[in-house]
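First comes the structure, then the notes that go with it.
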Amino acid sequence: MFSERIMNNQLGLDKVGQVVRLLGWVQRRRDHGGLIFVDLRDRSGIVQVVFGPEKMGEGFSNAESLRSEFVVSIQGQVIARPEGMINPNLATGTIEIVAGALEILNGAKTPPYYLVDQVEVDETVRLKHRYLDLRRPEMQAVFKTRHQVTQIMRNFFDKQGFYEIETPMLIKSSPEGARDYLVPSRVHPGEFYALPQSPQIYKQLLMVGGMEKYFQIARCFRDEDLRADRQPEFTQLDIEMSFVEVEDILPMMEQLMVRIFSETMGKSVVTPFPRLTYKEAMDRFGSDKPDMRFGMELTDVGDLVAKTGFKVFANAVANGGSVKCICAKGCSGMPRREIDDLAKYVSTYRAKGLAWIVMAEEGIKSPIAKFFTEEEMNALIERVGAETGDIIFFVADTYLVVSEALGHLRLELAKRLSLIPEDTLNFLWVTEFPLLEYDEEQQRYIAIHHPFTAPMDEDLLLLETEPLKVRAKAYDMVLNGIELGGGSIRIHRRGIQEQIFSALGLSPEESVDKFGYLLEAFEYGTPPHGGVAFGLDRLIMLLTGKDNIRDVIAFPKTQSASDLMAHAPSPVADKQLKDLHIVTKIEAAGIK
RNA sequence: GGCCCCGUGGUGUAGUGGUUAACAUGCCUGCCUGUCACGCAGGAGAUCGUCGGUUCAAGUCCGAUCGGGGUCGCCA
């Protein structure tokens, strides 16, 4: 019955005269009494259908009953619109359908809001009725793009000889970073599975298993607080290869991006991508995912201020910290209020203050100028390359705080000053990440990437003496200041893996308890291997221009990780808890 | 866990502590054969998120709480 259907976007002047069957939803109805216009929407687009009593006969009253979002089957003739009635705003605006027959396949309640792209409704409303929101052309386009991207990925890796392999969703909990989502076991009282934060260990074991080239479009779960670009479950393009070095992996991933951007957006991507070491990225941009679409780089002035009378700067240097600055070109007219606002902004990144020098026409204006001799001031200005009309912003603190605070300030200023060129694709790799960092809270070293990342060969000896100086064979792909993905060459020898575990403060017993199966696997001829993982959702955000991860996920969760449509999470029946051997404290305390 | 913003008919907004909470849109009814954000006329629709406090009087002020968003911490 539905087989002769034609999609709306197939309709054009070439179809004039044909009798067609259309299926879709009523987007809008304009009832003129004796003549009714209906904008019919299907997945492909919108077409205007005209209902008149001449053609419809008794069926006309049926047409009068049409309302928004009714699902209809329409048979009618394609006609060219008369002169002056062409709608240039509609892809099918040169033609319309004169309905001969109408079948209402299903009625619809009035939707809570009009399903058009210019929605101005609270997101809560959209999420409660997500199945309606998805009907909007804008959302349809997102999921079309998302589908295209995953198809390109599958095609790309298939051609390169990869196998797509599924790894388990119920795995052993080994929180070495984010919190796990736990799943209670019914048959093992008191024991739990975890949902994977990533397929990391399994993909490595696939390499031990001789699969050589693996990829998966994998769902991952992390029980951490959410953000505009973070969901508790998200999708990752996960890749692992045997017998590879960094130089094998990066160019291949660049080619993947070339294909994705050309085939979905028609944009060309220039390869090879520039590379920055982590150190260089932090030094120059104050970020491990620098946005290099504009300048305003950070300048280290620690040596110039170490001996000056300004204690805040001198002490920072004396204590092993840094003093760095950025120069905002042409901003000398910035009102004091806005400068104060920027100081408040950097304070969210733990900077204790923001010093500034305004290079005004009438001379230097700065609350810190009095602490510097003229020579010192001139040296500063020269180092920074500041000119009349600029403002120099300084932060003094530890190297990390200074870099990150100024890195964020740099982005904020660029945003306010509109320095970021739209439509530019700035891809780059950040390499040579540190292997470890020190976690004050836990009083131990933790892996920056993950504990299976291989250290750089020449840094291996530093592991015992200066662990923070050990660099990793790790790399991140960055696009326009957003981390698209990252990966590393992995450790494939038990000895080195044990060394790393030990550096992370894991006793041999704990290592075996948590990762014994991996360590054992490494003893059975594990090939050198490495890989990478990309955040699919973020990539789709970039491709579709969304600033919010919820807009690229069909059924997303709110910031508090709840599903407003299905009302998850929810309490469960006592029987279920009993089966799972679970008693909740909340229940025990009588709180509902 | 911290900080910031938001919550008023279905939807989006307005609303000096003081009458019957306003406007737009949507919805319903009637009229209308060329609209495409159709038009015209009429109508229905709100316990102002919830609880408590201040006050003669609270949508408005205060506190708590719930929900949503942004962000810092966190996210190997």
Side-chain angles (χ1 to χ4, degrees), chain A residues 27-40 46-56 60 64 67-68 79 81-90 92-93 96 98 109-116 118-129 132 174-180 197-198 200-201 220-232 234 344-351 404-405 408 412 433-437 439-442 445-453 472 474 483 486 488 500 504 533 535 547-548 550 557-562 564 567:
Chain A
Q27 171 83 26
R28 254 196 168 89
R29 164 194 60 116
R30 291 178 291 280
D31 185 347
H32 288 236
L35 196 64
I36 300 170
F37 298 96
V38 163
D39 291 339
L40 183 77
I46 285 175
V47 71
Q48 173 165 278
V49 182
V50 189
F51 296 90
E54 299 87 356
K55 288 266 161 83
M56 294 289 291
F60 189 71
E64 286 178 316
R67 293 295 182 272
S68 282
I79 63 160
R81 291 205 194 186
E83 194 77 22
M85 291 173 196
I86 287 167
N87 183 349
N89 301 318
L90 207 58
T92 58
E96 61 190 4
V98 179
K109 282 169 68 176
T110 304
Y113 59 102
Y114 235 156
L115 307 182
V116 292
Q118 300 74 31
V119 277
E120 282 174 4
V121 298
D122 194 278
E123 199 182 350
T124 312
V125 180
R126 294 175 51 206
L127 291 177
K128 273 183 186 154
H129 304 274
L132 293 178
S174 53
E176 193 45 43
R179 272 182 276 261
D180 281 336
Q197 296 178 24
S198 94
Q200 183 60 37
I201 294 179
C220 304
F221 304 85
R222 291 177 193 174
D223 188 6
E224 293 294 342
D225 286 354
L226 306 182
R227 290 285 190 283
D229 61 353
R230 274 194 235 155
Q231 281 276 298
F234 61 98
K344 200 175 151 195
Y345 178 78
V346 296
S347 74
T348 61
Y349 300 98
R350 289 173 295 168
E404 287 179 353
H408 283 284
E412 179 65 18
F433 276 79
L435 186 70
L436 304 169
E437 65 185 338
D439 186 282
E440 295 292 344
E441 203 177 307
Q442 297 181 56
Y445 292 104
I446 55 173
I448 284 189
H449 193 51
H450 57 56
F452 316 111
T453 301
E483 180 193 329
S488 61
I500 299 294
L504 294 172
D547 55 10
N548 179 322
R550 295 180 296 277
K557 295 187 176 51
T558 66
Q559 197 170 73
S560 56
S562 39
L564 294 180
H567 304 293

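Being a predicted model, the structure only gives us computed values, none of them experimental. Numbered from 1 within each chain, the chains take letters A, B, ... in sequence-line order.
Across the strands present, B:rA22 finds its partner in B:rU13; the criterion is a Watson-Crick or G-U wobble pair with both atom distances under 3.5 angstrom. Of all nucleotides present, only B:rG70 satisfies the Watson-Crick or G-U wobble test against B:rC3, with each distance under 3.5 Å. Across the strands present, B:rC61 finds its partner in B:rG53; the criterion is a Watson-Crick or G-U wobble pair with both atom distances under 3.5 angstrom. Pair assignment for B:rU29: B:rA41, on the basis of Watson-Crick or G-U wobble contacts that are both within less than 3.5 Å.
A salt bridge is defined here as a Lys NZ or Arg NE, NH1 or NH2 lying under 4.0 Å from an Asp or Glu carboxylate O, and A:R30 with A:D39 meets this definition.
Using a 4.0 Å heavy-atom criterion, one finds that A:Y349 contacts the sugar-phosphate atoms exclusively. Within the nucleic acid shown, A:I36 has no heavy atom closer than 4.0 Å to any nucleic acid atom. Within the nucleic acid shown, A:I448 comes within 4.0 Å of sugar-phosphate atoms alone, with no base atom in reach, counting heavy atoms only. Within 4.0 Å (heavy atoms only), A:T453 reaches no atom of the nucleic acid at all.
Two residues are said to be in side-chain contact when any heavy atoms from C-beta on lie closer than 4.5 Å; A:E96 and A:I79 meet this criterion. No side-chain heavy atom of A:C220 sits less than 4.5 Å from a side-chain heavy atom of A:Q197.
Nearest nucleotide to the A:S68 side chain, out of B:rG68, B:rC27, B:rG10: B:rC27. The side chain of A:Y113 lies closest to B:rU11, out of B:rG68, B:rG70, B:rU11. Proximity note for A:H408 (side chain, C-beta onward) versus B:rC75, B:rC28, B:rC72: the nearest is B:rC72.
The separation of B:rU54 from B:rC61, taken at their C1' atoms, amounts to 8 Å, rounded to a whole angstrom. Across the P atoms, B:rG9 and B:rU60 are found 14 Å apart, a figure rounded to whole Å.
For B:rG68, the OP1/OP2 oxygens have a side-chain nitrogen or oxygen of A:S560 closer than 4.0 Å. Taking 4.0 angstrom as the limit, A:R67 places none of its side-chain polar atoms (N or O) nearer than this to OP1 or OP2 of B:rG26. Considering only side-chain N and O atoms, A:T124 lies nowhere under 4.0 angstrom from the phosphate OP1 or OP2 of B:rG49. Between B:rG70 and A:R550, a contact under 4.0 Å exists linking OP1 or OP2 to a side-chain N or O. Between A:T558 and B:rG68, a side-chain N or O to OP1/OP2 separation shorter than 4.0 Å is present.
In this structure, A:R230 places its CZ atom where more than 12 heavy-atom neighbours from other residues, nucleotides or ligands lie under 6.0 Å away.
With sequence neighbours left out, A:E441 forms a side chain to side chain contact (heavy atoms under 4.5 Å, CB included) with A:D439. Applying the side chain to side chain contact (heavy atoms under 4.5 Å, CB included) test to A:E120 and every residue at least two apart in sequence or in another chain returns nothing.
The separation between A:E437 atom CD and B:rC74 atom C1' is 12 Å, rounded to whole Å. Rounded to whole Å, the distance from NZ on A:K128 to P on B:rU11 is 8 Å. When rounded to the nearest whole Å, the span between CG of A:L115 and P of B:rG26 equals 14 Å. Spacing between atom CD of A:E412 and atom P of B:rC72 amounts to 12 Å, rounded to whole angstrom units. Here B:rC74 presents its P atom at 16 Å from CG of A:D229, a figure rounded to the nearest Å. In this structure, the CD atom of A:Q442 is 13 Å from the C1' atom of B:rC75, given to the nearest Å.
One distance of note links OG of A:S488 with CD1 of A:I448; it measures 12.5 Å at 0.5 Å rounding.
Listed for the A:H32 side chain is no donor-acceptor partner under 3.5 Å among the backbone atoms of A:G34. Proximity of a side-chain donor or acceptor of A:R222 to a complementary backbone N or O of A:A178 within less than 3.5 Å is not detected.
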Using atom names, set out every protein N or O paired with an N or O of nucleotides 1-3 of chain B below 3.5 Å, distance rounded to 0.1 Å.
from, atom 1, to, atom 2, distance (Å)
B:rG1, O6, A:D225, OD2, 3.2

Can you name the atoms? Protein N/O to nucleotides 12-15 of chain B N/O, anything below 3.5 Å, with the distance.
from, atom 1, to, atom 2, distance (Å)
B:rG12, OP1, A:D122, N, 2.6

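Ring-centre distance between A:H408 and A:Y345: not below the 6.0 Å cut-off.
Here the closest heavy-atom approach between residue A:V38 and residue A:F51 is recorded as CG2-CE1, 3.6 Å. Looking at every heavy atom in both residues, A:D547 comes nearest to A:A228 through O-CB, 4.1 Å.
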What donor-acceptor contacts under 3.5 angstrom involve side-chain atoms of residues 82-90 of chain A, with partners at least two apart or in another chain?
from, atom 1, to, atom 2, distance (Å)
A:N87, OD1, A:N89, N, 2.8

- Go along nucleotides 33-44 of chain B 5' to 3' and tag each nucleotide: B for a protein heavy atom under 4.0 Å from its base, S when only backbone or sugar atoms are that close, - otherwise. BBBBSB------

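A:R222 contributes no side-chain N or O that forms a donor-acceptor pair with the base of B:rC75 under 3.5 Å.
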